[in-house]
J.: 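My questions will all concern the structure given below.
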2 protein chains.
Amino acid sequence: MINNQESYYTDVDKMHVATDCIVFGFHQDELKLLIFNRRVQPHKGGWSLIGSFVKLNEDVDHAAKRVLRDITGLDNVFFEQSRTYGNAERDMGARCVSVAQFALIRIDEYDEELTEMRGAFWYRLEELPELVLDHYQMVIDALDILRRKAKHQPIGFELLPEKFTIPQLQSLYEAIFQRKLDPGNFRKKILSFKILNRLNEKDRSSSKRGAFYYTFDHDTYEKLLKSGYNFDFL
Amino acid sequence: MINNQESYYTDVDKMHVATDCIVFGFHQDELKLLIFNRRVQPHKGGWSLIGSFVKLNEDVDHAAKRVLRDITGLDNVFFEQSRTYGNAERDMGARCVSVAQFALIRIDEYDEELTEMRGAFWYRLEELPELVLDHYQMVIDALDILRRKAKHQPIGFELLPEKFTIPQLQSLYEAIFQRKLDPGNFRKKILSFKILNRLNEKDRSSSKRGAFYYTFDHDTYEKLLKSGYNFDFL
DNA sequence: CCAAAAGTGTTCGTTTTACACCCATGG
DNA sequence: CCATGGGTGTAAAACGAACACTTTTGG
């Protein structure tokens with residue numbers, strides 16, 4: 001069957017298809033990006049996003065998950081397509097179209113040893129080294145999409161540990177949007193969505209009084225979402 | 001040079017890369033989509049989006065513009081990437097990744113004869129025929145992105161003629177969002193952005209009194225955008 | 001003169017913003 | 001006992017939804 005139909009396309013150009021992952025993490029009140037020090041040609045020694053070519057029988061989405069799993073040991077990660085980079089000249093090596101996808105990971109869960117063994121490291125967004133090809137543009141674009149999304153849906157929870165405090169959540173949003181938020185107003189807004197469950201447990205690492213831990217109530221969120229509820233932060 | 005570097009990638013799979021265009025137009029208070037009746041295999045006789053394979057030395061974006069120009073005669077059209085469809089099984093014919101892009105066109109400007117000669121026709125969104133492959137999903141996804149975008153930036157102007165009235169603009173937004181809007185409130189909101197210039201000319205085709213024509217002030221818009229101004233419709 | 005669409009104004013309730021204030025507690 | 005961050009309350013301003021009202025003009 002495949003061979004039969006394939007015949008329609010025989011005179012059509014073929015090219016490499018890659019996927020590059022913009023992997024965001026959040027640690028110590030800072031947004032971090034996972035980047036990769038290339039140990040082989042091309043661009044040996046340069047910094048790049050983690051990525052891979054897509055195999056003939058592999059979904060593009062799957063390729064991204066495969067790469068991230070190989071490097072961090074993590075599975076079941078939040079992934080979303082960013083955009084596709086298809087300029088003819090973008091990779092001088094060969095014609096190669098790259099589908100960029102961004103991931104949000106809980107930085108406390110990944111396998112640090114495995115990651116470093118593979119040549120990947122976390123960098124603060126503000127102090128990224130130069131990146132290979134158009135990878136810096138990919139980061140910019142993904143950040144833009146992340147910000148847009150974060151404004152209208154509670155996407156940020158993907159970046160925090162299972163249980164977190166409201167001040168932690170606030171500092172994540174401050175990192176994403178690059179501006180200070182009012183603690184009182186932020187708390188009221190977030191709680192008004194009623195998608196957080198308070199635990200009977202406090203985090204005392206950043207104050208004597210301690211801040212209650214919360215968990216994200218995925219079920220209630222889905223319900224509200226389906227009922228057309230609007231989650232507009234800020 | 002190319003041949004030299006190409007050697008790094010010799011063992012990497014290659015595949016077809018296509019682009020499909022979701023072409024929106026606005027006419028008689030209705031959102032319309034340009035679709036294409038296939039005259040050759042595969043899927044001969046079926047309805048599909050207009051699209052093409054990307055050539056080896058051609059930017060992906062360029063391929064979309066080329067297709068649209070060939071079919072409608074239009075150039076300089078608003079284009080934006082939607083998303084990329086990369087499932088291994090999406091086209092039984094052969095492995096083929098498709099980058100979907102949507103276009104907004106002023107329906108009064110295209111070349112009707114050329115378009116029909118090429119087998120393409122405008123359909124109301126509500127009465128689309130069945131589309132081949134995953135093209136229907138592409139339409140759904142593009143609509144979703146269009147709606148999101150339209151909410152936060154004055155994208156709709158791409159779909160109207162150079163000069164338009166506020167009631168016309170309103171009916172466009174009603175078509176995009178599929179709901180009635182209050183004329184008074186809509187007008188105030190739009191005018192508050194101060195990105196419309198009123199002409200000393202009226203359209204009397206839909207009322208005795210006539211409605212003033214406006215043009216979109218692109219320069220002021222860009223300025224406000226850069227200064228961080230928020231355009232939130234609705 | 002009147003129907004009908006264009007355009008303006010007013011009201012009222014909600015949301016946002018800024019900020020004052022109370023709480024809990026380890027050092 | 002007090003500095004510090006957690007958490008609550010509140011008043012003023014801004015905004016949005018609903019709707020009444022005025023304007024214009026061809027038939």
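Side chains included, hydrogens not; waters and symmetry mates left out as well; all remaining heavy atoms used. Protein chains get the first letters and strands the later ones, always in sequence-line order, with residue 1 at the start of each. Because the structure is predicted, anything quoted here is derived from the model rather than measured.
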J.: In whole Å, what is the span from the CZ atom of B:Arg209 to the C1' atom of D:dT24?
T.: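 B:Arg209 atom CZ is separated from D:dT24 atom C1' by 5 Å.
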J.: Let me know, please, whether A:Lys208 or B:Pro183 comes out on the 5' side of the other along DNA chain C by nearest nucleotide.
T.: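 It is B:Pro183 whose nearest nucleotide is closer to the 5' end.
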J.: Confirm from the modelled atom types if A:Lys180 and C:dT17 form a donor-acceptor pair under 3.5 Å, side chain to base only.
T.: no
J.: Please confirm whether the ring centroid of A:Tyr136 lies under 6.0 Å from the ring centroid of A:Trp47.
T.: no
J.: Looking at every strand, decide which applies to A:Ser206 at a 4.0 Å heavy-atom threshold: base, sugar-phosphate, or nothing.
T.: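 Result for A:Ser206 = sugar-phosphate.
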J.: Heavy-atom nearest nucleotide on DNA chain D for B:Gly184 versus B:Asp232: which residue maps closer to 5'?
T.: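 Result of the comparison: B:Asp232.
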J.: Closest approach to the side chain of B:Asn185, judged atom by atom: which nucleotide of D:dT24, D:dG6, D:dC19 is it?
T.: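 Of all the options, the side chain of B:Asn185 is nearest to D:dC19.
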J.: Measure from CD on A:Gln170 to P on D:dG6 and round the result to the nearest Å.
T.: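 In whole Å, D:dG6 P lies 9 Å from A:Gln170 CD.
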J.: For the pair made of CG in A:Asp182 and C1' in D:dG7, what is the distance, rounded to whole Å?
T.: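 In whole Å, D:dG7 C1' lies 12 Å from A:Asp182 CG.
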J.: So B:Lys189, base contact, sugar-phosphate only, or nothing? Heavy-atom distance under 4.0 Å.
T.: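 Here B:Lys189 touches the backbone only, sparing every base.
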J.: Tell me: CG of A:Asn230 to C1' of C:dT14, nearest whole Å?
T.: 15 Å
J.: What residue among A:Leu160, A:Leu196, A:Thr165 forms side chain to side chain contact (heavy atoms under 4.5 Å, CB included) with A:Tyr214?
T.: A:Leu196
J.: Respond yes when some side-chain nitrogen or oxygen of B:Arg187 is under 4.0 Å from OP1 or OP2 of C:dA6, and no when none is.
T.: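 For C:dA6, neither OP1 nor OP2 has a side-chain N or O of B:Arg187 closer than 4.0 Å.
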J.: Tell me whether the centres of the aromatic rings in A:Phe216 and A:Tyr221 are closer together than 6.0 Å.
T.: yes
J.: For this output row, return yes or no: ring centroids of B:Phe79 and B:Phe102 closer than 6.0 angstrom.
T.: no
J.: Does a distance-only test, which skips hydrogens and angles, find a donor-acceptor pair under 3.5 Å between the side chain of B:Lys188 and the base of C:dT10?
T.: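 Yes, the side chain and the base share a sub-3.5 Å donor-acceptor pair.
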J.: Using whole Å, report how far CZ of A:Phe186 lies from C1' of C:dC19.
T.: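 A:Phe186 atom CZ is separated from C:dC19 atom C1' by 19 Å.
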J.: Measure from the side chain of A:Arg204, starting at C-beta and using heavy atoms only, and say which of C:dA6, C:dC23, C:dG26 lies closest.
T.: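 Of all the options, the side chain of A:Arg204 is nearest to C:dG26.
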J.: Under a 4.0 Å N-O cut-off, is there an ion pair linking A:Lys223 with A:Asp219?
T.: no
J.: Nearest of D:dT8, C:dG7, D:dG5 to any side-chain atom of A:Ser207?
T.: D:dG5
J.: Given C:dA18, D:dG6, C:dT8, identify the nucleotide with an atom nearest to the side chain of A:Pro167.
T.: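 Selected nucleotide (nearest to the side chain): D:dG6.
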